[in-house]
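Here's the structure, in C-alpha cells; my notes come after.
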Amino acid sequence: MEIDSKCNGIVVAAIQCGSTFFRCAFSYKHKWGQPYTDRGMRGSLFSPTCLLLKNDFTESLIGYEAEDKYSELEDGRNDYYFFKHFTKLLLQGDIRRHALCCDVTGRSLEAVLVLEHSIRCIKKIVHQSIKSNFCGFSDDDIVYVLTVPTTGGENAKLIMREAAVNAGIQRKYLAIVLESEAASIYCQYLKFAKKDTSSPVLGVVKPGTKYMLVYLGSSRSNITVHQKCEDNTLDEVLPTRVGPWSAKSVDDQFIKFLSELVKEKIWEEFKTEYMEDYLEFTRTLETKILNTRGTMPIPLALLKLCTKSHGVESFNEVIEKNDAHKNNVSFISGKLVCKNDFFRGFFKKTIDAIVKHMDDIFQESEARDVKIIVMVGCFSGCPLVQDAVRKFFSNYHIIVPKGGSTAVLEGAVYFGHIPDAVSRRSARYTYGFQTWPEFNENIHPVEKRVQCGRLSRCRDVFLKIVTKGDKITAGFTKSQFFRVPCNRDNVLECGLFISEKKNPIFVDDPDCKLLGTLQVQLSQSNKNRDTLVEENLVFGKTELKFTAEDIYSGLKYEINFDLEEI
C-alpha cells in the first residue's frame with residue numbers, strides 16, 4: 001500500500017525548537033518518506049536553542065553562531081540580547097499572548113518577538129539546505145510544519161503560529177503539530193515511508209491497537225497512550241504526561257558533581273570568564289551522556305583555574321583533596337574518568353522517574369490492555385534506559401525503531417504531507433449557547449430572575465454544548481432547539497460563548513467570552529406565538545461554523561470562525 005502526499009507545495013520543511021536544541025528537516029512531495037535532516041554547523045543534527053538579537057533588531061543569529069559571537073563580545077554585550085532555552089516558555093499550558101522572555105542578563109522582550117526572530121534565522125538555514133539539493137524554488141513552494149511542546153497545547157500553538165506568520169510564513173503554508181502527535185505519526189507511517197524494512201516498528205502497530213508512546217528527548221519526556229484507528233489516523237487515549245526526565249537531567253547531575261569536585265566558586269568563575277570553553281564542554285557532555293561514556297575531557301582553562309585556586313600542581317591533587325569523590329574518579333591524559341557504578345549513578349534518579357511514570361499510566365483503566373511500548377527520542381537510545389525499561393516491563397513488547405532519535409522531527413515532516421494523520425483533537429474550550437430556562441429558586445440566584453409574561457426565567461444561563469477536552473473530529477456537529485415564547489420583537493439574538501472552565505454556569509462569568517452573535521429574523525406569521533429556533537455548531541479542520549434557523553420560516557443565518565484564531 002502506498003500513500004500519496006497531500007501537501008499543497010513542492011517541499012515540506014519541519015522545524016523542531018526544543019528548549020535545549022533546535023533542528024530542521026525537509027522532504028519533497030514525490031519522495032515524502034525520505035526526509036533530509038540538516039546537519040548545520042559542525043556536522044551536528046542539533047544546534048543549541050539560543051538567539052543573539054541586536055537591540056535595534058537589525059542583526060540576529062541563532063545556534064552555534066549566536067553562542068560563538070556572544071562569547072567573543074566584550075564591551076558590546078549591552079548592544080545585544082542573548083536568549084537561551086527560550087522555548088521553555090511554551091511548556092506552560094497557561095502561557096498567554098503577551099508572555100515575556102528574559103535573556104541571560106534579565107532584560108525581557110515579548111516571547112512572540114523572540115520566536116519570530118528565531119524562526120527568521122531558521123528559515124534561512126532551511127532555504128540554504130533546500131537550495132543545495134533543489135534549485136529554482138520559491139518560498140511559496142515550501143509548506144512549513146513547526147512542533148510545539150505537548151504541555152503547551154493550543155496556547156503554545158497560537159503563539160508559535162503568530163510568530164511564524166510575523167516571520168514571513170503564510171498561513172496557508174503553515175501547520176503546527178504537538179511533539180507527541182509528531183512522534184506517534186512517525187511510528188505509524190514509518191512502514192509507508194521507508195523502503196528499509198529492518199526497523200522493528202514496521203507492521204507492528206496495526207489499526208485498532210493501543211500502544212504507549214515514550215518520547216525521551218534531550219530536555220524533557222512525553223509519555224502517553226495512543227490508539228491507531230482503522231483509517232491509519234491516531235487517537236489520544238490518555239493525556240500526555242510530561243516531565244524533565246531527559247538527557248539534560250543527567251547532564252545536570254554530572255555538572256552538580258563537577259561543581260562540588262572543583263568547588264562551586266571556581267566553577268562559576270569558569271562559566272563567566274571562559275564562556276566559549278564552557279559552551280564547548282556542555283556540548284561534549286551531552287554526547288558523552290547519550291553514549292553512556294564515563295570519560296570526560298576537562299578544558300585547559302578549568303584545569304588552570306583549579307590548580308591555581310587550590311594551590312596544587314596537578315588536577316589529580318584537586319581530586320585527592322575532595323574526600324567525597326576522590327575514590328570515584330581519576331584524571332588520566334587530560335580526561336576525567338569515572339568508575340562505572342559511580343557514573344551510572346548520575347542516571348538512576350532520571351531512569352527511576354521514567355519507569356515510575358510509565359507504570360503509573362499502566363495502572364489506569366484505559367491503559368490496562370496496552371501491551372506495546374514504543375520508545376523514541378535521543379535519550380531512548382541510551383543503553384541504560386533501554387535496559388531498565390526492558391527489565392521492569394518484561395511482559396511488554398518493546399519497540400525502539402531505528403532512527404527514533406529524530407522521531408518528532410521526521411514525524412512533523414510526515415504530518416506536512418499527511419495533514420489528516422490526526423483524526424481527533426481535544427476541544428480547547430467549553431462551547432455553549434445563552435439560554436433563559438424557567439427560574440428555579442433552589443438553584444438559581446435571585447438577581448438572575450426576570451419575568452417573561454406569566455413565567456419567571458433565569459437569564460444568561462450557559463447551556464454547555466461541547467466540554468473542554470472533548471474529542472472532536474472534522475465534521476463534528478452539535479445542535480440544540482430553543483422554544484422562544486412571544487416573539488413580539490420579531491428578532492432573536494443568538495450568542496455563542498466559550499469558557500476556559502469545563503462547567504461554566506452563566507455566560508457573564510469572568511472566565512466566559514462572547515465569541516459571536518447571530519441576529520435571527522423570526523417568522524412574521526408566528527408573531528405573538530411561540531417560535532422554534534435551532535442553533536447549530538459544526539467543527540471543521542480549521543473552521544467553526546455557528547448557525548441559527550427559524551424552523552417555521554426556514555430562514556437560516558450563519559457565522560464562521562477560524563479555530564486557530566479563537
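No hydrogens, no waters, no symmetry mates; every other heavy atom, side chains included, goes into these values.
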Exercise for the section: For side chain to side chain contact (heavy atoms under 4.5 Å, CB included), just list the numbers for Ile372 and Thr209, CA-CA rounded to whole Å, side-chain angles, deciding distance to a tenth of an Å, and then say yes or no. Expected result: CA-CA 9 Å; Ile372 298 174; Thr209 305; 3.7 Å; yes
Using every non-hydrogen atom in the two residues, find where [X] and [Y] come nearest and quote the distance to one decimal.
X	Y	value
Trp245	Ala353	CD1-CB, 3.4 Å
Gly9	Val143	N-CG2, 3.9 Å
Glu65	Leu61	OE1-CD2, 3.8 Å
Phe86	Cys101	CB-SG, 3.4 Å
Ala367	Val225	CB-CG2, 4.1 Å
Val413	Ser27	CG1-OG, 3.2 Å

Examine the side chains of [X] and [Y] and answer whether a donor and an acceptor come within less than 3.5 Å of each other.
X	Y	value
Asp359	Gln363	yes
Asp141	Tyr28	no
Asp103	Thr105	yes
Ser249	Thr350	yes

Within a strict 4.5 Å, meaning less than it, do heavy atoms of the [X] and [Y] side chains meet?
X	Y	result
Arg390	Val400	yes
Tyr274	Leu305	yes
Pro299	Phe270	yes
Phe415	Thr147	no
Thr224	Tyr215	no
Tyr396	Tyr211	no
Leu178	Val148	yes
Phe26	Ser129	yes

Can you measure from [atom1] ([X]) to [atom2] ([Y]) and round to the nearest 0.5 angstrom?
X	Y	atom1	atom2	value
Cys17	Phe22	SG	CZ	7.0 Å
Ile142	Leu174	CD1	CG	12.5 Å
Ser5	Lys31	OG	NZ	13.5 Å
Glu273	Leu302	CD	CG	13.0 Å
Ser71	Glu276	OG	CD	4.0 Å
Glu410	Gln16	CD	CD	10.5 Å

Exercise for the section: Give a yes or no answer on whether the side chain of Thr49 reaches the backbone of His85 with a donor-acceptor pair at less than 3.5 Å. Expected result: no
Handout entry: Check: Glu320 side chain, Lys326 main-chain N or O, donor-acceptor pair, under 3.5 Å
Key = no
Problem - Residues Glu364 and Arg241 bridged, charged N to O under 4.0 Å - result: yes
Handout entry: Within 6.0 Å of CG in Asp341, more than 12 heavy atoms from elsewhere
Key = no
Problem - Greater than 12 external heavy atoms within 6.0 Å of Lys29's NZ - result: yes
Problem - Which residues share a salt bridge (charged side-chain N to carboxylate O under 4.0 Å, His left out) with Asp352, sequence neighbours left out - result: Lys348
Report all side-chain donor-acceptor pairs from residues 250-261 shorter than 3.5 Å, counting only partners two or more places apart or in another chain.
from   : atom 1 : to     : atom 2 : distance (Å)
Asp252 : OD1    : Lys248 : NZ     : 3.2
Asp252 : OD2    : Lys248 : NZ     : 3.2
Glu260 : OE1    : His325 : NE2    : 3.2

Problem - Chi angles and distances behind the side chain to side chain contact (heavy atoms under 4.5 Å, CB included) call for Ile354, Met358 - result: CA-CA 6 Å; Ile354 292 169; Met358 289 174 66; 3.9 Å; yes
Distance-only criterion, 3.5 Å: show the donor-acceptor pairs between side-chain atoms of residues 111-119 and protein atoms not counting sequence neighbours.
from   : atom 1 : to     : atom 2 : distance (Å)
Glu116 : OE2    : Arg120 : NE     : 3.2
Glu116 : OE2    : Arg120 : NH2    : 3.0
Ser118 : OG     : Val114 : O      : 3.4
Ser118 : OG     : Leu115 : O      : 2.7

Problem - Residue of the set Phe82, Tyr81, Phe83, Tyr64 for which ring-ring contact (aromatic ring centres under 6.0 Å, His included) holds with Tyr70 - result: Phe82
Practice task
Test Asp139 against His127 for side chain to side chain contact (heavy atoms under 4.5 Å, CB included), laying out the working first.
Solution key: CA-CA 8 Å; Asp139 206 35; His127 278 224; 2.9 Å; yes
Exercise for the section: Evaluate the side chain to side chain contact (heavy atoms under 4.5 Å, CB included) criterion for residues Tyr36 and Val11: first the C-alpha distance (whole Å), next the side-chain angles of each, then the deciding distance (0.1 Å), finally the verdict. Expected result: CA-CA 11 Å; Tyr36 295 84; Val11 182; over 6 Å; no
